[in-house]
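Predicted model, so just to flag it, every value in this text is computed and none were measured.
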Amino acid sequence: MGGGREFAISLDGVRDKNVMQLKKLNTVLFPVRYNDKYYADALASGDFTKLVTLLLSNSAYYSDICVGSIACRLEKKECGAIRVYIMTLGVLAPYRGLGIGTRLLNHVLDLCLKQNIQEIYLHVQTNNDDAINFYKKFGFEITETIKNYYTNIDPPDCFVLTKLITTSQANK
């Protein structure tokens with residue numbers, strides 16, 4: 001992001017009118033194609049699903065582009081407690097390393113604290129070391145390995161990464 005450009009990051013809610021931006025990002029970011037239920041869950045999660053718009057400016061022009069997203073699903077456990085499932089979190093390659101993924105994840109972790117949600121988890125492909133290391137920095141731990149979780153991608157196995165949240169805990 002050199003060249004004299006300055007930028008600001010905006011987190012925007014996903015709604016019917018902009019869900020196509022999420023679909024386009026997912027096509028570029030992930031090797032999996034998501035069905036209508038994924039997008040219905042994303043829309044239903046309210047503030048737990050966000051698009052990131054980068055507002056670029058220099059002396060000649062202003063522009064904004066959608067560069068990342070986080071999409072979550074709220075799940076009710078058998079005991080009645082709510083937990084958050086991170087369906088996807090991704091940032092376009094040229095915009096990685098700018099703190100966008102961190103901002104997205106912190107947004108969701110803050111919502112969990114405010115709403116007294118004590119568990120958040122996700123699946124990650126076993127060879128995705130960058131994602132595994134990213135989540136571990138925030139206190140997620142590998143809690144399970146699932147064989148043949150994915151179809152049509154290699155390797156098909158995934159790890160389940162889980163973070164238990166307590167009200168005395170800051171974002172780690």
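Note that the CD1 atom of Ile132 and the CZ atom of Phe159 stand 5.0 Å from one another [nearest 0.5 Å]. If you take CZ on Phe48 and CD1 on Ile117, they are separated by 4.0 Å, rounding to the nearest 0.5 Å. A distance of 14.0 Å separates CG in Leu105 from CD1 in Ile100, rounded to the nearest 0.5 Å. Separating the CG atom in Leu109 from the CZ atom in Phe138 is a distance of 7.0 Å, to the nearest 0.5 Å. Rounding to the nearest 0.5 Å places CD1 of Ile70 at 9.5 Å from CG of Leu11. One distance of note links NZ of Lys76 with CD1 of Ile82; it measures 5.5 Å at 0.5 Å rounding.
For the pair Tyr95/Val52, no side-chain contact is recorded, criterion being any heavy-atom separation below 4.5 Å from C-beta on.
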Identify each donor-acceptor pair in which a side-chain atom of residues 140-154 lies under 3.5 Å from a protein atom, sequence neighbours left out, and give them as a table.
{"unit_1": "Thr143", "atom_1": "OG1", "unit_2": "Val160", "atom_2": "O", "d": "3.3"}
{"unit_1": "Thr143", "atom_1": "OG1", "unit_2": "Thr162", "atom_2": "OG1", "d": "2.9"}
{"unit_1": "Tyr149", "atom_1": "OH", "unit_2": "His123", "atom_2": "ND1", "d": "3.2"}

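By the side-chain hydrogen bond (donor to acceptor under 3.5 Å, both in side chains) test, Ser69 pairs with no residue at all, sequence neighbours left out. When the side-chain hydrogen bond (donor to acceptor under 3.5 Å, both in side chains) test is applied to Asp12, the partners found at least two apart in sequence or on another chain are Ser10, Thr53. Considering only residues two or more places apart in sequence or on other chains, Thr126 meets the side-chain hydrogen bond (donor to acceptor under 3.5 Å, both in side chains) condition with none of them.
For the salt bridge (Lys or Arg N to Asp or Glu O under 4.0 Å) condition, the pairs that include at least one residue of residues 81-98, sequence neighbours left out, are Glu75-Arg83, Arg83-Glu119. Within the structure, the side chain to side chain donor-acceptor pair (under 3.5 Å) test picks out the following pairs touching residues 17-32 (sequence neighbours left out): Asn26-Tyr38, Asn26-Tyr39.
Side-chain atoms of Arg103 come within 3.5 Å of backbone atoms of Ile9 as a donor-acceptor pair (strictly under, hydrogens ignored).
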Carefully, step by step, assess Leu43 and Thr49 under the rule side-chain contact (heavy atoms from CB on, under 4.5 Å). CA-CA 7 Å; Leu43 287 167; Thr49 296; over 6 Å; no
Evaluate side-chain contact (heavy atoms from CB on, under 4.5 Å) for Leu29 paired with Thr88, printing each intermediate quantity in order. CA-CA 9 Å; Leu29 290 169; Thr88 55; over 6 Å; no
Pair Tyr135, Leu89 - check side-chain contact (heavy atoms from CB on, under 4.5 Å), show working. CA-CA 11 Å; Tyr135 288 108; Leu89 186 160; 3.4 Å; yes
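Summarising the geometry of Gly101 relative to Val91, their closest heavy-atom pair is N-CG2, 3.9 Å, with the distance given to 0.1 Å.
Hydrophobic clustering, with ILVMFWY side chains joined whenever heavy atoms are under 4.5 angstrom apart, keeps Leu51 apart from Met20.
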